[in-house]
Amino acid sequence: MRAQAAMMIERVMNLSFLNDDFTKLNKNRKVTDFEDVKQIGASSRKAVEKVYQAVFSMGANGRFEPNSYIKRDQMAKVLLALLVSAKLM
């Protein structure tokens, strides 16, 4: 599910050995920007917001769709952006 994927990405972002401290987050981006914010569980909202602020796009058309499956190509795009940001690629 997309919310679970955001939680995993956020955990990776917090790893101490990464070369990016993710201080350049776009704080203007808020989880409330998503039309379906009420469907995003309380346990994953922080992670969804942090991933969104890091500009690792996981939403589309103003929706996050937290309970939908994330497609392989979408996850590959997010992982590539994360690896480039962390200077691992």
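Here the structure is a predicted model, which means the values were calculated and not measured.
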[X] versus [Y]: any side-chain heavy-atom pair under 4.5 Å?
{"X": "Gln74", "Y": "Lys77", "result": "no"}
{"X": "Met89", "Y": "Leu80", "result": "yes"}
{"X": "Leu82", "Y": "Leu88", "result": "no"}
{"X": "Met75", "Y": "Leu79", "result": "yes"}
{"X": "Met13", "Y": "Phe56", "result": "yes"}
{"X": "Val37", "Y": "Val48", "result": "no"}
{"X": "Asn14", "Y": "Lys50", "result": "yes"}

Donor-acceptor pair, [X] side chain versus [Y] backbone, under 3.5 Å?
{"X": "Lys30", "Y": "Lys27", "result": "yes"}
{"X": "Glu49", "Y": "Val31", "result": "yes"}
{"X": "Asp36", "Y": "Glu65", "result": "yes"}
{"X": "Asn26", "Y": "Asn28", "result": "yes"}
{"X": "Arg11", "Y": "Ala47", "result": "no"}

For [X], I'd like to know if atom [atom1] has over 12 heavy atoms of other residues, nucleotides or ligands within 6.0 Å.
{"X": "Gln4", "atom1": "CD", "result": "no"}
{"X": "Asn61", "atom1": "CG", "result": "no"}
{"X": "Lys38", "atom1": "NZ", "result": "no"}

**Message:** In this structure, would Met7 and Phe34 fall into the same cluster of hydrophobic residues linked by side-chain contacts under 4.5 Å?
**Reply:**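 The answer is no; the residues belong to distinct hydrophobic clusters.
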
**Request:** Could you state whether Ile70 and Leu83 fall into the same hydrophobic cluster, counting links through intermediate Ile, Leu, Val, Met, Phe, Trp or Tyr residues with side-chain heavy atoms under 4.5 angstrom apart?
**Result:**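 Hydrophobic grouping puts Ile70 with Leu83.
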
**Message:** Are Phe64 and Tyr52 an aromatic pair, judged by ring center distance below 6.0 Å?
**Reply:**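 So the answer is no for these two rings.
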
**Asked** Any idea which heavy atoms bring Val51 and Ala6 closest together, and the distance?
**Response**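 So the minimum-distance heavy-atom pair works out to CG2-O, 3.5 Å.
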
**Item:** Closest non-hydrogen atom pair between Ala86 and Leu18, with its separation
**Value:**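 Minimum heavy-atom separation between Ala86 and Leu18: CB-CD2, 3.9 Å.
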
**Asked** So how far is it from Ser68 OG to Arg63 CZ, rounded to the nearest 0.5 Å?
**Response**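 It is 8.0 Å, given to the nearest 0.5 Å.
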
